[in-house]
There are 2 protein chains.
Amino acid sequence: MKTIEIKGAWQGNSDCESCAIRSSVLFAELNEEDFSKIHAPIDDFSFEANAELYAQGDSAEYVYTLREGYIKLLHFNPDGTARIVRLVRPGDLFGMESLLDDLYKHSAIALTNIHVCKIPKKIISSLGDESPRMHRQIVKKWGEALSQAEAWFSEINTGRIEIRLARFFLQLSRQSGENSVAPLFKREDMGLMMDVKFETISRALASMAEQGLIANVSKLSVQIPDLARLKAFAKRGMD
Amino acid sequence: MKTIEIKGAWQGNSDCESCAIRSSVLFAELNEEDFSKIHAPIDDFSFEANAELYAQGDSAEYVYTLREGYIKLLHFNPDGTARIVRLVRPGDLFGMESLLDDLYKHSAIALTNIHVCKIPKKIISSLGDESPRMHRQIVKKWGEALSQAEAWFSEINTGRIEIRLARFFLQLSRQSGENSVAPLFKREDMGLMMDVKFETISRALASMAEQGLIANVSKLSVQIPDLARLKAFAKRGMD
DNA sequence: CGTTGGTTTGAAAGGACTCAAGAGGGGTGG
DNA sequence: CCACCCCTCTTGAGTCCTTTCAAACCAACG
């Protein structure tokens, strides 16, 4: 297990007030007055795939918003094994531990090339004291993170792998032209999400393709020819 | 799967200001002035084991604090299977979804006889607007819940079952007179926590007892003769 | 064109599941 | 107070799924 050191590229300060995805993120409920209270700079960074934004145990100074790409949150067990505890998607907030503790509780590693906003925690705490709107938004985001983690945990980790994979695809699928597409990640990573070895993921994908549940399996994505059929499969398996 | 209807017994209104476990729960940081703003009643309830406090999908009107006993939070998957996503322990807050959504995201069922405080959500929101301390405490509790859920997820669901059980015991063990003791729950429930069938739990317990890692396995608890040895086992397995 | 990192595939071994039967404990009614 | 029932836990044997260890494959890259 080697540590990869990749520096993020600084992309300039963010203009949060006119941010395109602002409505879905942390500052959604802020008004002009609130923005005027932001003094510390909020940086806009991009990282390459495999870059580690922070490691479990690092001193936590920033909260992040993911603008583009995917990030895995890795929790390391005492024995050195690890699990992916959350898959961060665009619009999600992560690293919120910084707001109440000094240490990150998990590592954050880019699965793809990403774009993030890096928000110093002191902005939040100072703003928070004056702006109930801000606090409300944080509580809300936090709650969403918890719900997502629980649902993820429950649905992606129960039953035979083919079923877990099916649910995984359903959660991540989006319309793309004619048909639905779901992203794939390194087999190793997918194994860490679902608690199986990467070979098992590979075999399950092959088997599902053979059954026609998915098509065009590549390194990065699958097509879903028939969403309804996959949904049925996710429920009952293939009787 | 049958639904059990057990009414909670009302134990009177809570006197939060002089609550014995107040320091560890929601109102920890409130001062006298804050308390004077609480008008709606906070009820003190007790429930028997197996009572369902609320069900996934129910309209969420209360936040709860667990004073005594254990509670399981169950997430139901679309296909009807379920997983225990969190084990609530004394001092923990649960049902926080009520603060931001209308529906509970999981069911809460008593594993033992319990004692809870039932806090109407409007108290929180009204208090929260005026008291940053309150908000801070909520954020903190929420963060703890998320961290706990992630750690739980990762450590209790990775590796061979005997190892999962070992980690489970280490998390829940407490000193009791001479030696350490960890609680056990119905094998079925333990299976839902660790994603195995109840027979597998039973077998794993037997095997661990045979290896001397645990002793005096009963329905409700195990003794841990040698914490250090169990800890070593949780890391490396039994080479 | 040989390396390299990641993916696929194969065969054998191991762990968990299923189905099934039996044991233990607590509660109820005779 | 004992017999009986029900619920839960334990244990066994065979099957199924996942892991392990290995080898082959593939695409990207220097």
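The figures here come from the full heavy-atom set of this structure, side chains too, leaving out hydrogens, waters and symmetry mates. Order of the sequence lines fixes the chain letters, A, B, ..., with proteins taken first and strands second; residue numbering starts at 1 for each chain. Please read these numbers as outputs of a predicted model, since none were measured by experiment.
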To the nearest 10°, let me know how far the axis at one end of the helix from C:dC1-D:dG30 to C:dG30-D:dC1 is tilted from the axis at the other, five pairs an end. 30°

From CG of B:L192 across to P of D:dT8 the rounded distance in Å is 13 Å

In whole angstroms, how far is the C1' atom of D:dT18 from the CG atom of B:D195? 13 Å

So, applying salt bridge (charged side-chain N to carboxylate O under 4.0 Å, His left out) with A:D79, which one of B:K231, B:R167, B:R164, B:K235 is it? B:R167

Starting at atom CZ of A:R164, determine the distance to atom C1' of D:dC17, rounded to an integer number of angstrom. 11 Å

Atom-pair distance (CG on A:N50; C1' on C:dG5), nearest Å: 11 Å

Exam field: side chain B:T112 to backbone B:G69, donor-acceptor pair closer than 3.5 Å: no

Tell me the ring pair (Phe, Tyr, Trp, His ring centres under 6.0 Å) pairs involving residues 166-205 of chain B, sequence neighbours left out? B:Y70-B:F185

Between NZ of B:K197 and C1' of C:dG15 the distance, given in whole Å, is 15 Å

Without hydrogens or angle criteria, can the side chains of A:S180 and A:Q175 be said to hold a donor-acceptor pair below 3.5 Å? yes

Less than 3.5 Å apart, any donor N or O on the side chain of A:S154 or A:E150 sitting next to an acceptor on the other? no

Spacing of A:I163 atom CD1 relative to D:dT18 atom C1', expressed in whole Å: 15 Å

Using modelled atom types and a 3.5 Å cut-off, is there a donor and acceptor pairing between side-chain atoms of B:R83 and backbone atoms of B:L192? yes

Within this structure, what is the CG-to-P distance between B:D189 and D:dC7, rounded to whole angstrom? 16 Å

Please produce a list of atom pairs where a protein N or O lies less than 3.5 Å from an N or O of nucleotides 9-12 of chain D.
| unit_1 | atom_1 | unit_2 | atom_2 | d |
| --- | --- | --- | --- | --- |
| D:dC9 | OP1 | B:R187 | N | 3.3 |
| D:dC9 | OP2 | B:R187 | N | 3.3 |
| D:dT10 | OP2 | B:R187 | NE | 3.0 |
| D:dT10 | OP2 | B:S202 | OG | 2.8 |
| D:dT10 | O5' | B:S202 | OG | 3.2 |
| D:dG12 | N7 | B:R203 | NH1 | 2.9 |
| D:dG12 | O6 | B:R203 | NH2 | 3.1 |

Indicate yes or no: at least one non-hydrogen side-chain atom of A:L146 is less than 4.5 angstrom from one of B:E97. no

Just wondering, do A:L87 and A:I156 contact through their side chains at under 4.5 Å, heavy atoms? no

